[in-house]
Amino acid sequence: MTEPIQFFLPGPTYVLERVRQAMTQPMQGHRSAPFKKFYLSLSERLPQVFRTAGDVMVATGSSTLVMESAVISCAEESVLNLTNGAFSERWHSITKSVGKSADAVRAPWGQAVDPELVRAALRRRKYDAVTVVHNETSTGVANPIADIARVIREESDALILVDSVSSMAGARIESDDWGLDVVLAGVQKAFALPPGIALFTLSDRAAERAAKVSRRGFYTDLLNYRSKHREGGFITTPGIPLLYALDAQLDVMLEEGMEARWERHDRLQRRTAAWAAERGCTYASAEGAHSVTVSCLFPPAGVDPQAIVKGLAARGFTIGGGYGDWKPTTFRIGHMGEVRDGDLETLLRQIDQVLEQVAAAVAG
Ligand SMILES: Cc1ncc(COP(=O)(O)O)c(C=O)c1O
């Protein structure tokens with residue numbers, strides 16, 4: 001049965017009833033044989049979402065834990081951070097804060113990172129790793145990861161660390177075919193799970209390189225996760241209820257099929273774009289770089305985006321306001337996770353009514 005969704009934040013997103021119920025199952029010892037069997041069934045299905053023949057590990061913590069762990073584990077000395085929004089800037093700050101030598105290739109907010117600028121930077125200096133955010137949730141921009149990864153591979157042997165926090169399970173990401181070394185995903189976005197765990201891959205090449213990196217810590221050592229994972233377990237007590245939820249949600253996703261899921265997200269974005277064009281709302285993300293999971297929009301001229309967010313809240317609907325510096329000028333619709341076409345239509349009709357109210361008040 002489909003549940004009507006009125007919650008359109010770009011994370012956390014709506015969690016299905018059956019997934020929430022799954023979390024109420026009794027605890028098990030995380031080293032027990034039944035639990036290991038349960039975990040094995042997760043490990044067999046997760047790579048289908050990440051499109052890898054390798055391992056997908058679970059960290060108990062939010063996505064930022066794995067962003068930090070990836071630079072600590074994969075780079076001895078130097079990192080190139082590609083930035084075009086708040087979360088990629090966060091990765092740059094994290095890289096500096098853990099004592100690595102960090103350079104940035106910066107694209108303006110709203111623009112995608114140009115692979116040719118990455119090429120130029122890699123010709124100037126050698127790096128252990130490059131970080132890139134696939135889907136900048138702050139601006140609704142999707143970076144051309146396959147092209148960027150190809151350039152990095154052509155120009156260097158730097159490891160490719162990808163934040164797919166708000167795109168994994170909503171957009172196609174070919175971890176193996178695109179040669180990505182670490183792909184990390186949040187679960188509270190297109191995965192449609194409650195927050196609290198993060199998922200990630202670690203390529204063999206990255207694992208070999210990480211083995212030579214000093215001071216990888218314990219909770220931040222991705223190799224540590226991988227060796228425990230291969231024994232069927234975890235480095236610490238995992239968030240067991242969240243794993244129950246992941247189990248239930250993987251069934252939901254694989255029943256839908258990944259191709260169908262990506263196509264639905266694509267369709268939701270196209271519908272939002274068509275509606276926006278009719279209403280005089282323009283995309284804050286550059287043409288050709290729109291994210292399929294979140295639309296970041298300027299309201300029609302003269303309308304305060306906060307008036308839309310608040311007007312919807314009064315009607316029981318939630319969307320996102322602008323992020324950081326873009327808070328006063330934009331609003332964001334998260335059309336990801338379990339959102340269906342009908343849910344989006346209902347939301348768009350509600351926004352229409354709010355816009356009419358705002359116009360009436362201005363005329364008023
Ligand atoms: C692209 C991106 N990266 C990283 C993060 C940080 O995720 P978390 O809050 O799970 O640490 C977010 C959160 O919204 C995000 O959208």
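Order of listing sets the numbers, starting from 1, for every ligand and every atom in it.
Residues Arg20 and Glu17 are paired through a salt bridge, judged by an N-O separation under 4.0 Å between the basic side chain and the carboxylate. A salt bridge links Asp103 with Arg125: the closest approach of a Lys/Arg side-chain nitrogen to an acidic carboxylate oxygen falls below 4.0 angstrom. Salt-bridge check for Arg45 with Asp247: passed, with a basic side-chain N closer than 4.0 Å to an acidic carboxylate O. Salt-bridge check for Glu259 with Arg51: passed, with a basic side-chain N closer than 4.0 Å to an acidic carboxylate O.
Nearest protein heavy-atom contact of atom 5 (C) of ligand 1 is Phe87 CD2, 3.5 Å. Counting only heavy atoms of the protein, atom 8 (P) of ligand 1 lies nearest to Ser62 OG, 3.5 Å. In terms of protein heavy atoms, atom 16 (O) of ligand 1 is closest to Thr137 OG1, 2.4 Å. The nearest heavy-atom contact from the protein to atom 4 (C) of ligand 1 is Asp163 OD2, 3.3 Å.
Near Arg90, the atoms of ligand 1 lying under 4.0 angstrom from a non-hydrogen atom of the residue are 6 (C).
For ligand 1, the polar-atom distance check finds no N/O of Asn135 at less than 3.5 Å from any of the ligand's N/O atoms. Residue Glu136 has no nitrogen or oxygen atom sitting less than 3.5 Å from a nitrogen or oxygen atom of ligand 1, judged on distance alone.
Taking the six-membered ring for Trp and the full ring otherwise, the centers of Phe50 and Phe200 sit at least 6.0 Å from each other. If you look at Tyr323 and Phe87, their ring centroids are closer than 6.0 Å.
With a heavy-atom cut-off of 4.0 Å, Thr64 touches ligand 1 through backbone and side chain alike. The residue Leu65 has no part lying near ligand 1, judged by heavy-atom distances below 4.0 Å.
Remark: distances from the non-hydrogen atoms of Lys189 to ligand 1 include one below 4.0 Å.
Partners of Thr282 under the side chain to side chain contact (heavy atoms under 4.5 Å, CB included) rule, at least two apart in sequence or in another chain, are Phe298.
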